[in-house]
Amino acid sequence: MSDFDKREKGIESEHLASRSENFAEWYNQLVLRAELADYAPVRGCMVVRPYGWALWENIRNALDRRFKATGHVNAAFPLLIPKSFMEREKEHVEGFSPELAVVTIGGGEELEEPLVIRPTSETIIGHMYAKWIKSYRDLPVLINQWNNVVRWELRTKLFIRTMEFYWQEGHTAHATEEEAEAETLQMLDIYADFAENEAAIPVVKGRKTEKEKFAGAVRTYTIEGMMGDKRSLQSATSHSLGQNFARAFKIQYLDRNNILQYCWTTSWGLSTRFIGGIIMVHGDEKGLILPPKLAPYQVVIVPIFRDDAEQAKVMKAVEQIKDLLGEFRVHVDDREGIRPGFKFNDWEMRGVPIRIEIGPRDVANGAITLARRDQPGRDGKQSVPQNAVVPVVSKLLEDIHKAIYKKALEFRKANTHQPKDYDDFRQIIKSGWADAWWCGDAECELQIKEETKATCRCIPLDQPGGEGVCIHCGRPAKERAIFARTY
RNA sequence: CGGGGUGUAGCGCAGAUGGAAGCGCACCGCGUUUGGGACGCGGGGGUCGGCGGUUCAAGUCCGCCCACCCCGACCA
């Protein structure tokens with residue numbers, strides 16, 4: 001292996017692969033080295049390690065709070081679903097059949113009816129809703145579940161697309177179409193609010209095309225984010241299911257006039273894929289940059305000392321500072337036998353927003369040295385008096401959130417272009433997003449994909465108005481759409 | 001499923017023509033170090049992917065199988 005290859009792969013080197021030169025390799029190494037996840041023995045499956053799971057727990061809490069505040073409750077539906085359930089909704093079965101894992105043997109006996117491991121739970125929840133819902137007085141039903149699902153993916157990537165992944169799936173049933181649509185859009189807003197205000201990831205809210213929508217949905221809405229390599233990531237989706245599943249599973253209620261009606265249902269989900277988004281939006285050459293509100297550790301303290309006497313003094317100050325910062329998630333790196341310089345690099349790689357260094361010099365000055373992750377190296381360091389540490393940390397976490405959000409938004413703006421013609425479009429799509437008038441025709445979309453590898457990521461809800469001509473076929477177009485290469 | 005590639009220590013790899021299984025990193029111990037990725041000395045660790053064959057002798061040669069990776073196809 002050449003020296004170049006070694007550098008490229010980050011082998012025998014304390015340095016990560018280069019983000020700017022080899023984004024995909026940088027991503028893989030970072031997930032493994034930051035101990036977010038590891039490969040499982042089964043191809044395409046991952047083990048989420050404690051640091052990654054802590055991040056997921058914070059994501060979960062931030063979302064769950066929002067779900068509860070809007071009247072949703074949590075429940076748990078089973079992992080195994082009768083195979084026949086998957087076959088009741090025509091588009092659903094066509095969409096999911098190729099990626100189902102099926103259990104055919106149980107207790108050593110061939111099963112009379114095979115069971116599928118849920119790829120999503122519309123069917124089993126539809127079945128239960130049919131049992132539970134009788135009257136308009138039972139509506140709406142607003143249930144969410146935090147669980148795992150399995151889809152037999154052929155090409156996988158840690159967090160971004162794994163065969164098994166963790167997510168939440170909300171499933172609601174309503175009396176009217178308007179109410180269901182309002183719910184779908186409300187949840188889309190919640191995802192966007194979460195992405196921007198918790199994860200510091202700017203997103204575009206939009207509608208999916210017929211080709212890209214969820215199998216069985218009437219309409220799919222999405223939030224799309226631009227990753228550091230300018231590709232697009234579908235970061236969460238919210239579906240208006242119309243009466244498709246209600247008809248397939250007989251989810252019916254008697255209305256005020258004693259007339260039997262089908263419900264209108266929705267479903268919406270956000271998965272561990274979002275962690276991949278956080279990595280790819282904020283990370284830099286030195287590693288992760290975790291958004292302060294979701295970071296497992298918001299502050300890491302690195303003690304510095306040479307001998308026992310210094311250690312005693314320094315550790316006393318460390319404990320005091322840790323106590324002062326009780327309202328934050330603080331970790332003291334007391335690993336022995338590792339020098340401070342190594343720890344600095346290690347925690348920068350792992351994306352902790354704020355690092356506090358406390359050594360003999362700081363103790364003597366009644367101060368601490370504070371470094372912000374979004375400004376790596378010595379540039380982001382400042383000395384802070386011990387009695388000012390709480391307000392400074394509090395403000396800095398907020399500042400870092402704003403700074404990384406702004407950086408991500410500016411990056412997206414700088415790499416989103418409005419093509420003047422199709423040649424221009426083809427150039428843009430190679431490295432960025434194209435925002436263009438589009439006719440909405442499925443055949444037109446397919447041709448664009450074949451010619452450029454780009455797909456329609458969404459038709460943004462926020463439209464400029466007016467009309468133009470389709471960037472590809474030249475026919476009249478009423479809406480603008482985002483086209484990009486995607487994960 | 002098509003095309004290509006790789007299986008040797010936890011990870012990354014070397015082992016021409018068959019002849020005592022090695023290197024770097026990681027790990028353990030001791031010592032010196034510690035404010036931006038430390039060093040010395042000592043040590044532990046192997047079904048050489050599996051099965052079969054050729055041979056006095058196989059990591060190395062032959063056959064079959066298995067697994068994984070990359071590129072396509074596919075990916076609500």
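Note: hydrogens, waters and symmetry copies are ignored here, and every other heavy atom, side chains too, is used. Convention: sequence-line order gives letters A, B, ...; per-chain numbering from 1. Remember, predicted model here, so these are calculated numbers, not experimental data.
Contacts between residues 334-348 of chain A and RNA chain B, defined by a heavy-atom separation under 4.0 Å, are made by A:Arg339, A:Pro340, A:Gly341, A:Phe342, A:Phe344, A:Asn345, A:Asp346, A:Glu348. Listed by residue number, A:Arg161, A:Phe165 are the residues of residues 161-171 of chain A with a heavy-atom contact under 4.0 Å to RNA chain B. For the contact set between residues 237-251 of chain A and RNA chain B, defined by any heavy atom under 4.0 Å, there are no members.
A:Pro360 comes within 4.0 angstrom of a base, heavy atoms only. A:Lys381 comes within contact range of at least one nucleobase, with a heavy-atom separation under 4.0 Å.
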Checking A:Phe159 against A:Trp56 for the ring-ring contact (aromatic ring centres under 6.0 Å, His included) test, could you report, in this order, the C-alpha distance in whole Å, the side-chain angles of both residues, the deciding distance, and whether it holds?
CA-CA 11 Å; A:Phe159 288 117; A:Trp56 179 239; 9.0 Å; no
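Taking atom CG of A:Asn28 as the reference point, atom P of B:G12 lies 13 Å away to the nearest angstrom. Between A:Arg306 atom CZ and B:U33 atom C1' there is a gap of 11 Å when expressed in whole angstrom units. To the nearest angstrom, P of B:G37 lies 12 Å from CZ of A:Arg355. If you take CZ of A:Phe159 and P of B:C75, they are 25 Å apart, rounded to a whole angstrom.
Straight-line distance between the P atoms of B:G35 and B:G43: roughly 30 Å, to the nearest whole Å. Rounded to whole Å, the C1' atom of B:C25 lies 14 Å from the corresponding atom of B:G45. Using C1' as the reference atom, B:A20 and B:G5 are 32 Å apart when rounded to the nearest Å. Taking the P atoms as reference points, B:U17 lies 11 Å from B:C62, given to the whole Å. Nucleotides B:C23 and B:G15 are separated by 10 Å at their C1' atoms, to the nearest Å. With both ends at atom C1', the span from B:G44 to B:G10 equals 13 Å, rounded to whole Å.
Among pairs with a residue in residues 347-378 of chain A, those fulfilling ring pair (Phe, Tyr, Trp, His ring centres under 6.0 Å) read A:Tyr297-A:Trp347, A:His331-A:Trp347, at least two apart in sequence or across chains. Residues in residues 272-283 of chain A take part in no side chain to side chain donor-acceptor pair (under 3.5 Å) pair, two or more places apart or across chains.
By the rule that a glycosidic angle within 90° of 0 means syn, B:A16 counts as syn.
Between B:C75, B:C71, B:G35, one nucleotide has an atom nearer to the side chain of A:Arg155 than all others, and that is B:C71.
The environment of CG in A:Asp307 is crowded: more than 12 heavy-atom neighbours from other residues, nucleotides or ligands sit within 6.0 Å.
Note: A:Phe274 and A:Phe194 have tilted aromatic rings, judged against thresholds of 30 and 60 degrees for the angle between ring planes.
Remark: RNA chain B forms stems of 3 or more consecutive Watson-Crick or G-U wobble pairs, all pair distances under 3.5 Å, at B:1-7 with B:66-72, B:10-13 with B:22-25, B:27-32 with B:38-43, B:49-53 with B:61-65.
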